[in-house]
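Scroll down for the structure; my scribbles are underneath it.
Order of appearance sets the numbers: ligands from 1, and atoms from 1 within every ligand.
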Amino acid sequence: MTAKLTLISHTLCPYVQRAAIALAEKGVAFDRLYIDLANKPDWFLRISPLGKTPVLIAGDTAIFESTAILEYLEDTQPNPLHPADPLERARHRGWIEFGSSILNDIAGFYSAGDETAFALKVEALTGKFSRLETHLGPGPFFGGAQFTLVDAVFGPVFRYFDTFDQVGEFGILPGRFRLLDWRKALARRPSVLNAVGPEYPEELHRFLMRRHSYLSMIMQASQKPGPPIAV
Ligand SMILES: N[C@@H](CCC(=O)N[C@@H](CS)C(=O)NCC(=O)O)C(=O)O
């Protein structure tokens with residue numbers, strides 16, 4: 001019998017989303033428990049050695065680190081999301097790591113304190129996406145017709161750009177047609193859509209505004225002025 005699964009989540013966390021997407025793609029029932037990372041409960045700190053989400057509780061065991069969770073799900077649940085061929089599987093694992101490194105750059109992009117640091121992150125992201133694009137096949141997904149774990153990782157990556165695109169044109173993705181087709185295919189996928197709640201865009205917007213970063217400044221400057229006050 002499969003252990004009962006509970007995914008300890010944070011509403012905005014892209015690493016949580018990849019686990020939720022994999023669970024949905026596999027058609028596995030699971031519970032979701034949300035915590036406040038700004039105020040971590042003691043029980044969470046006891047089961048999460050790095051104090052990070054996601055944690056997957058499987059029966060009596062807590063698994064931390066999203067890639068460990070994805071591999072556990074591959075080992076124990078139906079509907080494989082890794083290619084069967086060991087060489088392809090290894091290649092996909094490499095691109096999953098690449099996706100995590102893009103997430104680090106995205107965090108650097110929205111946290112950069114000044115224009116110079118911000119420009120460096122734009123450059124890093126532009127370079128990584130252009131390298132990624134040269135490895136994309138005919139689509140619609142990373143490895144072709146089948147949705148894989150690499151897709152589960154990049155769905156949440158591209159989701160950030162739905163918000164960034166509303167703030168401005170940073171030149172990170174435009175013109176990269178294969179990448180944009182992939183982004184569209186992921187945005188339509190039910191598992192990707194449902195990995196976050198309906199409040200996600202507003203919550204991310206609020207989170208980014210409160211960073212006191214260079215991006216927050218751009219966002220504040222681009223806020224539309226309110227209606228004129230009648231006197
Ligand atoms: N390498 C980790 C990264 C997870 C991670 O960075 N989680 C963030 C939220 S998205 C977190 O819990 N941050 C809280 C903290 O670092 O205190 C994984 O793949 O699971």
Side-chain angles (χ1 to χ4, degrees), residues 5-26 30-58 61-77 81-82 89-90 92-112 121 124-125 128 132 142 148-164 186 191-192 194-197 199-213 215-216:
L5 300 175
T6 304
L7 185 62
I8 310 301
S9 304
H10 177 267
T11 45
L12 295 178
C13 179
Y15 298 93
V16 167
Q17 290 174 48
R18 53 170 76 165
I21 293 168
L23 283 157
E25 289 290 338
K26 287 175 173 298
F30 67 106
D31 290 330
R32 231 166 143 174
L33 190 63
Y34 290 89
I35 61 150
D36 178 3
L37 282 170
N39 189 13
K40 298 173 187 171
D42 288 342
W43 64 261
F44 171 70
L45 291 171
R46 280 196 293 276
I47 62 169
S48 178
L50 294 171
K52 295 180 184 213
T53 57
V55 171
L56 183 74
I57 304 180
T61 305
I63 307 164
F64 67 103
E65 280 299 311
S66 61
T67 48
I69 293 170
L70 295 180
E71 294 291 343
Y72 168 74
L73 295 175
E74 279 304 285
D75 287 345
T76 57
Q77 304 297 334
L81 296 169
H82 256 329
R89 201 157 61 231
H92 278 224
R93 286 191 174 114
W95 286 108
I96 288 172
E97 183 54 33
F98 194 82
S100 298
S101 119
I102 287 186
L103 285 175
N104 281 332
D105 287 328
I106 287 176
F109 168 83
Y110 65 62
S111 306
K121 283 299 164 189
L125 283 166
K128 280 188 185 158
L132 173 61
F142 177 78
T148 64
L149 287 178
V150 180
D151 298 291
V153 165
F154 277 90
V157 167
F158 288 124
R159 196 194 308 279
Y160 276 108
F161 287 85
D162 298 342
T163 296
F164 297 156
L186 292 179
S191 64
V192 174
N194 297 327
V196 294
E199 70 294 338
Y200 174 91
E202 248 178 60
E203 204 174 322
L204 179 61
H205 191 271
R206 266 199 309 276
F207 168 81
L208 296 173
M209 288 280 271
R210 287 198 200 117
R211 298 296 297 177
H212 303 294
S213 67
L215 183 70
S216 319

- With sequence neighbours excluded, residues passing salt bridge (charged side-chain N to carboxylate O under 4.0 Å, His left out) with Lys128: Asp105

- Measure from the side-chain N and O atoms of Glu25 to the backbone N and O of Leu81, and report whether any donor-acceptor pair falls under 3.5 Å. no

- Task: Measure the acute angle between the ring planes of Phe207 and Tyr110, then classify it against the limits of 30° and 60° as parallel, tilted or perpendicular.
- Result: perpendicular

- Would you find a donor on one side and an acceptor on the other, under 3.5 Å apart, between the side chain of Arg159 and the backbone of Val192? yes

- Query: Parallel, tilted or perpendicular: which fits the ring planes of Tyr160 and Phe164, with parallel below 30° and perpendicular above 60°?
  - Reply: parallel

- Message: Side chains of Phe44 and Thr53, heavy atoms from C-beta outward: is any pair under 4.5 Å?
- Response: yes

- Query: Using a threshold of 4.0 angstrom between heavy atoms of the protein and any atom of ligand 1, which residues qualify?
  - Reply: Cys13, Pro14, Tyr15, Leu37, Lys40, Gly51, Lys52, Thr53, Pro54, Glu65, Ser66

